[in-house]
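Working notes, structure below.
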Amino acid sequence: MTDAVSVLKEHESKLLAYINRRCRNMSQSEDVMQETLLRMLEQSRKTEIAQPLAYAYRVADSIIFAQARKVRLETGIGDSDFESELPLADEVLEHKQREAIFRQALEGLTPLRRTVFIKRHLERKSRQAIAEETGLSLEAVKKHLVRAMVQLADAIGAAEAGDKNKKQVTP
Amino acid sequence: MNDNDEDELTVQELAADWLERQQELSEAEFAAFCAWLRASQEHARVYANLRKTMLDSALLDACEAVNKPMPVAPPRRMISARRLGWIGTGLAIAAAIMVMLVMRAPAPVAPPQDFATGLRQRADWKLADNSHLFLNADSRISVRYLPDARNLSLARGEAIFEVAKDPRRPFHVMARSVTVTAVGTLFGVDLMNDAVGVRVYHGVVTVAKADGETRTLTKGDWLTLDPRLGAHAGRFDPAVYQNWRTDWLEADKMPLSYVVAKLNHYTGTPIVISDPSLAGAVISGRFQLSNTDATLRLIAAVLNLQPARRDHRVYLTAHRS
């Protein structure tokens with residue numbers, strides 16, 4: 001039942017390195033690590049975790065994000081988002097570098113799309129409220145949102161893939 | 001990606017839409033989402049990548065930076081420096097003394113620490129004050145030490161505390177709505193479904209309920225507070241202290257529901273009492289918790305029960321012939 005956690009123990013330094021890079025500052029890392037292990041333990045009681053390390057990365061992401069937003073993490077994390085156990089690449093750029101890439105990508109969006117995305121992601125407004133504020137249709141708000149998300153994911157994906165290739169070239 | 005394409009959503013856009021609506025999905029929509037996710041590795045990969053991006057705190061920071069392009073207000077340091085000029089020397093000295101006091105005061109307020117064990121695991125820890133914490137299987141507790149109190153909160157399972165004496169900092173264990181307080185003593189707190197059990201192996205503790213009623217327990221006393229069955233108290237042999245560390249449960253007319261709650265800390269196949277006629281059943285005996293199957297067979301034989309396995313659970317009903 002707790003096999004997933006013992007597997008994680010072996011990869012502790014790898015997980016900690018990941019958390020260090022994902023966190024805004026490193027002083028949070030130990031806390032995030034501890035919370036990640038606790039949540040893994042709880043989840044491993046309910047289900048078998050096929051890819052403990054990949055799963056742990058996702059749990060850590062949720063925890064870091066919740067802390068950044070200063071909201072309490074909803075309980076029951078992991079039940080919906082972790083349907084896919086696919087391992088992700090663990091190459092991650094430094095927080096500052098990622099912020100710069102996101103900033104550039106956000107500035108590359110059309111002003112309307114950027115406004116819609118920020119109202120949703122930062123201000124946590126509903127699609128309906130955004131539609132009313134901007135005078136857009138609900139359908140248009142949805143299109144702007146999904147396209148902004150895709151553009152942001154593509155930007156960071158390209159940057160991190162580039163970083164990975166660079167690392168491989170110069171060992 | 002073609003921005004003007006009005007009809008077909010790409011896989012990435014579909015994934016983004018699912019992710020975006022994740023918190024609002026109805027049960028049927030959630031099932032559809034799971035089906036979509038499982039439909040192809042590509043779906044799963046794209047979704048996971050988007051999720052990673054959207055949960056990135058660097059993206060939040062970037063949003064904030066883009067949202068507020070104006071440089072932030074005047075530095076506060078300047079203002080306070082200017083104000084200091086207005087304040088007399090006496091005040092400045094007082095401030096300096098205060099700063100010294102603040103700096104010299106110890107900072108014993110540590111962030112809460114959580115401890116947990118998995119199924120069938122046990123563990124013990126030495127806490128900052130040299131108290132010992134023993135956690136039984138499948139248990140979770142959070143520990144917070146303040147300058148004037150040691151506060152622990154048992155969220156699940158069972159714990160035993162060997163408390164280091166410190167009269168200035170009482171040792172409180174919160175379990176459900178019950179608070180157990182000790183100064184220097186050896187005692188255990190146990191969550192069995194909604195009931196809270198307390199056993200004192202050495203010394204004295206006070207037990208306070210949410211309504212203010214308190215009781216004092218001494219060595220060899222046990223007390224169980226159950227919202228449905230009420231309060232029960234009795235005596236036990238403190239020498240059996242070692243029992244829970246050896247996976248044995250000593251039950252003396254113990255409600256079946258408590259025994260089942262204890263067994264469930266040892267098995268991945270939860271046991272459920274599904275027969276209302278068993279609500280008042282009690283059982284006595286010595287049971288090996290780690291061997292769940294054998295214990296369950298034994299209990300079933302003694303109480304004439306019929307265990308039925310279904311959907312990763314074991315349901316207990318009274319035997320009807």
Side-chain angles (χ1 to χ4, degrees), chain A residues 1-2 5 22-24 31 34-35 37-38 41-42 44-45 54 57-58 61-62 64-65 67-69 74 80-81 83-86 88 93 95-107 114 117-118 120-123 127 142-143 145-157, chain B residues 1 3 5-6 9-25 30 33-38 41 43-67 69 111 113-121 138 140 156 267-268:
Chain A
M1 269 296 152
T2 49
V5 177
R22 289 287 282 185
C23 274
R24 193 178 284 161
D31 275 356
Q34 177 86 358
E35 190 61 30
L37 291 176
L38 274 172
L41 193 66
E42 279 176 350
S44 69
R45 280 198 191 103
Y57 287 160
R58 275 166 226 184
D61 281 347
S62 299
I64 295 165
F65 187 73
Q67 284 188 357
R69 217 174 217 164
E74 315 89 276
S80 61
D81 281 335
E83 276 292 320
S84 103
E85 293 262 20
L86 220 70
L88 279 179
L93 294 170
H95 196 279
K96 270 209 159 68
Q97 293 174 284
R98 295 202 315 281
E99 189 188 330
I101 289 157
F102 282 132
R103 218 176 142 156
Q104 204 178 10
L106 282 167
E107 277 159 359
R114 181 167 62 233
F117 179 77
I118 284 179
R120 178 75 173 148
H121 192 65
L122 189 66
E123 298 165 18
R127 293 177 176 197
K142 171 180 156 174
K143 279 229 156 97
L145 279 176
V146 300
R147 285 186 176 153
M149 288 163 78
V150 167
Q151 279 172 275
L152 289 162
D154 282 348
I156 196 74
Chain B
M1 183 191 54
D3 224 49
D5 175 12
E6 291 293 322
L9 290 179
T10 65
V11 169
Q12 258 188 319
E13 287 172 338
L14 275 172
D17 188 47
W18 282 123
L19 178 64
E20 225 276 312
R21 292 189 297 134
Q22 197 57 221
Q23 306 298 324
E24 304 150 19
L25 295 182
F30 184 68
F33 162 66
C34 291
W36 178 85
L37 208 50
R38 287 202 204 95
Q41 290 259 318
H43 291 182
R45 191 185 58 77
V46 167
Y47 181 82
N49 259 320
L50 271 167
R51 180 182 182 278
K52 184 176 169 185
T53 305
M54 299 309 294
L55 281 184
D56 196 333
S57 58
L59 176 57
L60 267 190
D61 291 348
C63 283
E64 264 165 19
V66 169
N67 206 27
Q113 256 187 306
D114 283 358
F115 298 92
T117 49
L119 285 173
R120 293 184 290 272
Q121 290 184 323
D138 191 23
R140 180 166 177 174
R156 181 190 181 89
T267 174

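Letters A, B, ... are given to chains in the order of the sequence lines, protein chains preceding strands, and every chain is numbered from 1.
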Answer yes or no: is there a side-chain heavy-atom contact under 4.5 Å between L59(B) and F65(A)? no
NZ/NE/NH1/NH2 to OD/OE distance under 4.0 Å, R156(B) and D114(B):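 Answer for the salt bridge query: no.
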Please determine whether a side-chain nitrogen of the Lys or Arg among D61(A) and R22(A) lies less than 4.0 Å from a carboxylate oxygen of the Asp or Glu. yes
Under 4.5 Å heavy-atom distance to chain B, tell me which part of L152(A) shows up: side chain, backbone, both or neither.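 Its backbone and side chain both get close to chain B.
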Is Q34(A) in contact with chain B via its backbone, its side chain, both, or neither, using a 4.5 Å heavy-atom distance? side chain
Greatest number of non-hydrogen atom pairs under 4.5 angstrom with chain B, of R114(A), E123(A), R120(A), K142(A), falls to R120(A)
Out of D154(A), V146(A), D31(A), return the one with the most heavy atom pairs under 4.5 angstrom to chain B.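 The option with the most such pairs is V146(A).
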Does W36(B) have R38(B) sitting over its ring (NZ/CZ under 6.0 Å from centre, angle to axis within 45°)? no
Take S62(A) and R51(B) through the side chain to side chain donor-acceptor pair (under 3.5 Å) test and state the conclusion after the steps. CA-CA 9 Å; S62(A) 299; R51(B) 180 182 182 278; 2.6 Å; yes
Winner by heavy-atom pair count (cut-off under 4.5 Å) against chain A, out of T53(B), L25(B), L14(B):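 Of the candidates given, the most pairs with chain A belong to T53(B).
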For each of L50(B), D138(B), V46(B), tally heavy-atom pairs with chain A at distances under 4.5 Å, and name the one with the top tally. D138(B)
Identify the heavy atoms of S57(B) and H95(A) that sit nearest to each other, and give their distance. OG-NE2, 3.0 Å
Is it the backbone or the side chain of Q113(B) that comes under 4.5 Å from a heavy atom of chain A, or both, or neither?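 Contact with chain A: none, neither part.
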